[in-house]
Amino acid sequence: SKWAIAVHGGAGVDPNLPLERQGGGNAPPPCLAAGIAALQSGEPAVDAVELVVREMESDPFFNAGRGSVLTRNGTVEMEASIMDGNGRLCGAVSGVSTVKNPISLARLVMERSPHSYLAFQGAEEFARQQGVEIMDESYFITEANVSMLKLAKQANSILYDYKVPDTFGVSAVLMNGLPIAIYAPE
Amino acid sequence: TVGCTAVDKYGRCAAATSTGGLMNKINGRIGDSPLIGSGTYACRDCAVSCTGEGEAIIRATLARDVAALMEYKGMGLKEAVDCAIKEKLDKGFAGLIAVSAKGEVAYGFNTSGMFRACADEDGFMEVAIWE
């Protein structure tokens, strides 16, 4: 067989996103190079996808790990899942707020627990049992996301990290009654 | 939301997805990403990772649907991805990336754009946001 890899950030991007913020769309992201190198060296696909997602979780530009969006209480509740098609193994976590790389915790659920999905307090306890890297919650919270939460609260709305193309008949100016420019740039 | 799908030189597929969910979400909200079969899925045929409106992705079991279309209808990867995005999402908005065990890559979305990048052993590489 031949190796192949694909990565994504968020679906839906503000069509007016400043060019300087579109840089990731014009050059191969470092995470892709890391994934390619892993596959070229013969590493299993499951190792490659975990490696790539870990890198993206560390980039505050994306809504995962550091830079995750905030709940209405201003807290972080992250979630992640991983699946190995070789044997259809899977692991997932929800509601983690201190785990630096939720995707790696999901993999530990897959490989070192008798379960496939742990959430909230149970996931946090499992993370500590497994010795994964723990961060203060402030590590995940960015100024941009605090500002966006304020806007969302003012509008009493959930902000999606996707945008709808004009072809679906939705105004390019407003969405859910909000200026489209305030939607998450992902 | 971020995600990655890969197939290694032995034809083993894997998928991973990670997210913070929705801004201003109610505490305790579970999205599609941790729900295997909705936002993430991998089997012998393919691996899929989704992003977008989580509630719609859950209703459509979007990632599993791509695999099921290949498994039960014999569709190719690209055909299955297009069918899932265009026919299965109802009024939801989402995007996904996928790889097949044969080393193919495909993506699809019905939003204004999706940050994505892909590469394969033959030297193909694509990095894009828009359609």
Side-chain angles (χ1 to χ4, degrees), chain A residues 1-13 15 22 24-25 28-29 32 35-36 39 44-46 48-50 52-53 56-57 62-64 68-73 78-86 88 90 92-94 102-103 148-149 152-153 158-160 162-165 184, chain B residues 1-27 30-31 33-34 36 40-44 47 49 51-53 93-95 97 99 101-105 107 109 111-122 125 127-129:
Chain A
S1 187
K2 292 180 179 179
W3 63 259
I5 186 169
V7 302
H8 69 78
V13 184
Q22 295 183 26
L32 182 66
I36 291 171
L39 292 169
V46 70
V49 297
E50 181 191 2
V52 168
V53 170
M56 297 178 89
E57 284 176 335
F62 296 108
N63 176 20
S68 284
V69 299
L70 306 175
T71 68
R72 62 171 48 174
N73 291 339
M78 299 173 288
E79 43 197 33
S81 63
I82 191 165
M83 187 157 186
D84 186 349
N86 182 36
R88 246 196 305 231
C90 64
V93 293
S94 278
I103 194 65
M148 286 186 59
L149 178 62
K153 281 178 173 290
I158 292 166
L159 297 190
Y160 290 96
Y162 68 90
K163 288 184 176 63
V164 181
Chain B
T1 306
V2 301
C4 179
T5 59
V7 55
D8 59 32
K9 62 183 180 182
Y10 302 106
R12 298 174 299 200
C13 298
T17 315
S18 183
T19 189
L22 298 173
M23 180 66 78
N24 203 24
K25 67 183 179 181
I26 296 174
N27 288 71
I30 305 294
S33 294
I36 295 292
T40 308
Y41 192 73
C43 58
R44 284 184 308 178
S49 176
T51 176
E53 186 182 355
F93 293 99
I97 55 167
V99 298
K102 296 176 185 172
E104 303 161 303
V105 294
Y107 64 85
F109 56 88
T111 56
S112 56
M114 178 174 73
F115 283 102
R116 62 191 185 277
C118 51
D120 69 20
E121 188 169 328
D122 294 331
M125 182 180 287
V127 183
I129 300 175

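By convention in this document, chain letters (A, B, ...) are assigned in the order of the sequence lines, proteins followed by strands, and residues within each chain are numbered from 1.
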Structural part of B:V99 lying under 4.5 Å from a heavy atom of chain A: side chain
Engaged part of B:A47 at the chain A interface, taking heavy atoms whose separation is under 4.5 Å: neither
Engaged part of B:I36 at the chain A interface, taking heavy atoms whose separation is under 4.5 Å: side chain
Side chain, backbone, both or neither of A:I36 within contact of chain B (heavy atoms, under 4.5 Å): side chain
Student check: side-chain heavy atoms of B:Y107 and B:M114 closer than 4.5 Å: yes
Flag side-chain contact, heavy atom, 4.5 Å: B:I97 against B:V105: no
Sub-4.5 Å side-chain heavy-atom contact between B:M23 and A:L149: yes
Option in A:S68, A:A80, A:P44, A:S81 with maximal non-hydrogen atom pairs under 4.5 Å from chain B: A:S81
Among B:G11, B:G103, B:A16, residue most engaged with chain A (heavy-atom pairs, under 4.5 Å): B:A16
With A:E50 via salt bridge (Lys or Arg N to Asp or Glu O under 4.0 Å) - residues at least two apart: A:R107
Largest heavy-atom contact set with chain A, pairs under 4.5 Å, which of B:G31, B:C43, B:A101: B:C43
Side-chain ion pair, A:K2 and B:D120, N-O less than 4.0 Å: no
Closest-packed option against chain B by number of heavy-atom pairs under 4.5 Å, given A:P102, A:A92, A:A4: A:A4
For chain A, the option from B:C13, B:G95, B:P34, B:C118 that forms the most heavy-atom pairs under 4.5 Å: B:P34
Portion of A:V52 that has a non-hydrogen atom of chain B nearer than 4.5 angstrom: side chain
Residue list, salt bridge (Lys or Arg N to Asp or Glu O under 4.0 Å) with B:K102, at least two apart or on another chain: none
Distance-only polar pair, side chains of B:T17 and B:S49, donor-acceptor under 3.5 Å: yes
